[in-house]
Amino acid sequence: MNQLALLQHARFSATTSAEFDALIEKPKLPDAKKTGIVVGIVFDIDEKIIYLNANSLDTYITAQDLGRSEYKYFYFKTGLWGSRGKPFVVCAPFDKVETMMAKSLLGVEGDATSQIIASITQKTQATFHETAFYKALEQIATLRDAAGMLTSEALKKTLKLASNDVIVLAFAEIVSSSSGYAEPKKLSELEGFQDCVRAMFQPKTTSESSAEESLCYITGEMRSDVKLPKFNDRKSLNYVFVNTTKNYASNFDDKNYPKNYQASEKIVQQMEIASSWHLEHLRTRIAGVPHVILPQFPSYTNPGLEYLQKNIDRSKELLFSQRNNTTDFEQLTLDVQDVALDQEEDRELYWLHFIGYQSDGQSFKILNHVQDVPNFRVQLLIATCRNVSKWLNIVSSPAAHFNLYALYRLIPVNTDAPQNEALEILSAILEGRPLSPQYFYERCCKLLSIHRSPLQYAAYPNVEQFSTAFDFAAHHTVMGYAAIMQFLTTLHLIPEGFAMDTTAVEALEPKRNNQDLTPKERGEEFEKRMNASLEGLVQDKHRAFFYVGRMLDVVASAQYAQGHTNKPILNKMNFTGMNLAQIRTLIGELWEKAQQYSRIKDSAERMRIVTDKAKSALVCLESTPFTPQEAVMYIMMGYSFGASGRKKSADSASNSSDSAK
């Protein structure tokens, strides 16, 4: 794990409200149609009443940054004191003020001592009794007889809200002329509050003046509070560095472990805060595995957490989330344009580390580590996904959209396999490591065989299941792998010449809703798409395979028209791979079958045209090397190219070849 990236955030958090991040909890939010409100509850010592402060109304901030309202008003996790502990509450959900806030600040029935005062007295030094915060608590406790005013129903009567407003959080304020608070003053802003929180809920550190200086292995600095670090939260990025369940420290000598891995207690606290923040705010899933994202920037700059989170959130949405309709494609285009504009406005350099992890709350295990991905490479990946999506939107039916999530769904991942192959591929793409095109030909064949034998779906949960005929699944598969080839070639991760050139399709503006076209128009639309894609096939051998696939489609369509809905000619395909001899045999059988169906209108003529083209192009295969899996992919591209896929029904998908009409 990259501790340097986490350390940068840890040091930043020491000077911001992120210091208390691990203590803060997010409240339950209203539905999207309501406006969340935060309001102050005034404990008026002068008038001995409790009421809502109309002048303190604040809109609840939901942004995923340190400006969120729960940070601003210090809404603490109830787990800090437990179900039987004494609550420390200066901010609470509005519907729980009569339980949480009343119990904390006023005490419980039969006991006038407030729970928060009892907790502070028990856990902290007497010096806190002299702070403005503690003295304010003592004054508020005198309002115990007014506890009936501290209920959500009673408080609502003292304030008129708009019909669309709903109070999310309420925070405590005090009015006390004797203490100098003529106007409401937040308890969280009083002198001594933050020191009290640190003393009660943050780990105690060794006095630096009482210990000799030693080297902190995290910062590389000499400090006097250095010791073997103890991480309290087992769901923590730092928990890989422990002497019980050893991951990164497996080679350390047990007897010398405290010396082999020692760190400043203050730095450890900050590292825990940083870990908690990243695990909550900067997460994504890559190939089905949860990852936390660690940004790292040069030592001479600090772009700020808000800037980083904004860019990272948008990038992970574009790269790793599911997008599968035209609206998504249009929004993707707009998002990419926004990223491009941001590049012009601010070209701040930073790197991303993706840490794949597994945690059950009792342990933390790192499963994957993608290192040093520059933000400019992330932007390049997004732009490339957009271009490939544009290409797919033209040549594929229906319109398809491409990103790293779509790529993950195309690589079969067996649940019983020791390794997640899709995760390895996506990691290589993010890091810019070269890949073999043969790997993708083999995976394409594997995916085709899974669709051909649907009983295999159960073993590959990441594969999209098709309940309709095989044609639609085959079209989705081969066009998806053509998109992968296009994507990888553009990024120079596989040798050039294995992908499809987009030049021939850029000027095409197809009518996507082919259901509204006449048969003639639909045929013309199909020919435009096919011819454009054939021009895009950059190798003659791929054209040859494509025409063999068109021959296969002619026969399969004729068989379907004769009532053979399973298209038995497909049984002649070997989806594990086909060599030159097998391809020749297949062509002979296809021609023989075409003669049998010659009475079908146009079947013989169409077969003659595509056979002549296939035999002519096939000559190049005598001297051009190819792999059996490569042949299958491009044959099936030709076969399924006319699959409409516009309706996932058995009828339309089974008879989905535009060329059959």
When I140 is tested against each of L105, D44, I117 for side chain to side chain contact (heavy atoms under 4.5 Å, CB included), which residue passes?
L105
First locate atom [atom1] of [X], then atom [atom2] of [Y], and finally report the distance between them rounded to the nearest 0.5 Å.
X	Y	atom1	atom2	value
D145	L106	CG	CG	10.0 Å
H129	I120	NE2	CD1	7.5 Å
I286	L426	CD1	CG	7.0 Å
H291	K316	NE2	NZ	13.0 Å
M222	L215	CE	CG	6.0 Å
M149	E98	CE	CD	15.0 Å

Close side-chain approach of [X] to [Y], heavy-atom, < 4.5 Å:
X	Y	value
N375	Q379	yes
I174	I45	yes
F43	L137	no
R433	S427	yes
F74	L23	no
F76	I24	yes
I41	L155	yes
T78	M100	yes

When you measure from the side chain of R285 to the backbone of F320, do you find a donor-acceptor pair of N or O atoms at a distance under 3.5 Å?
no
Any side-chain to backbone donor/acceptor pair from N462 onto Y408? Under 3.5 Å, distance only.
yes
Do we see a donor-acceptor contact under 3.5 Å between the side chains of S69 and D58?
no
Go through the steps to decide whether D195 and T131 satisfy the test side-chain hydrogen bond (donor to acceptor under 3.5 Å, both in side chains), and finish with yes or no.
CA-CA 10 Å; D195 289 336; T131 64; over 6 Å; no
Can you give me the closest heavy-atom contact between [X] and [Y], atom names plus distance?
X	Y	result
N403	L318	ND2-O, 3.1 Å
K103	Q115	O-CG, 3.0 Å
A170	M101	O-CE, 3.4 Å
E431	V370	OE2-CA, 3.3 Å
C196	F88	SG-CE1, 3.9 Å
K185	L190	CG-CD2, 3.6 Å

Quick one: do V175 and Y181 satisfy side-chain contact (heavy atoms from CB on, under 4.5 Å)? Show the steps, please.
CA-CA 5 Å; V175 168; Y181 313 131; 5.6 Å; no
Anything under 30° is parallel, anything over 60° is perpendicular, the rest tilted; go ahead and classify F133 against F193.
perpendicular
Parallel under 30°, tilted from 30 to 60°, perpendicular over 60°: which one fits the rings of W81 and F201?
tilted
Throw together a table of side-chain donor-acceptor distances under 3.5 angstrom for residues 47-54, partners on residues two or more places apart or in other chains.
unit_1 : atom_1 : unit_2 : atom_2 : d
N53    : OD1    : N55    : N      : 3.0
N53    : ND2    : E173   : OE1    : 3.1

What's the verdict on side-chain contact (heavy atoms from CB on, under 4.5 Å) for Q139 and S178, showing C-alpha distance, side-chain angles and the deciding distance?
CA-CA 10 Å; Q139 290 182 306; S178 63; 3.4 Å; yes
Testing Y60, F171, F94 for ring pair (Phe, Tyr, Trp, His ring centres under 6.0 Å) with Y73, which one passes?
F171
side-chain hydrogen bond (donor to acceptor under 3.5 Å, both in side chains) evaluation trace for S214 with Q262
CA-CA 9 Å; S214 297; Q262 56 186 16; 4.9 Å; no
Working note: L282 + L294, criterion side-chain contact (heavy atoms from CB on, under 4.5 Å); need CA distance, chi angles, decisive distance, verdict.
CA-CA 8 Å; L282 293 184; L294 299 182; over 6 Å; no
Go through the steps to decide whether V289 and N368 satisfy the test side-chain contact (heavy atoms from CB on, under 4.5 Å), and finish with yes or no.
CA-CA 9 Å; V289 177; N368 187 48; 5.6 Å; no
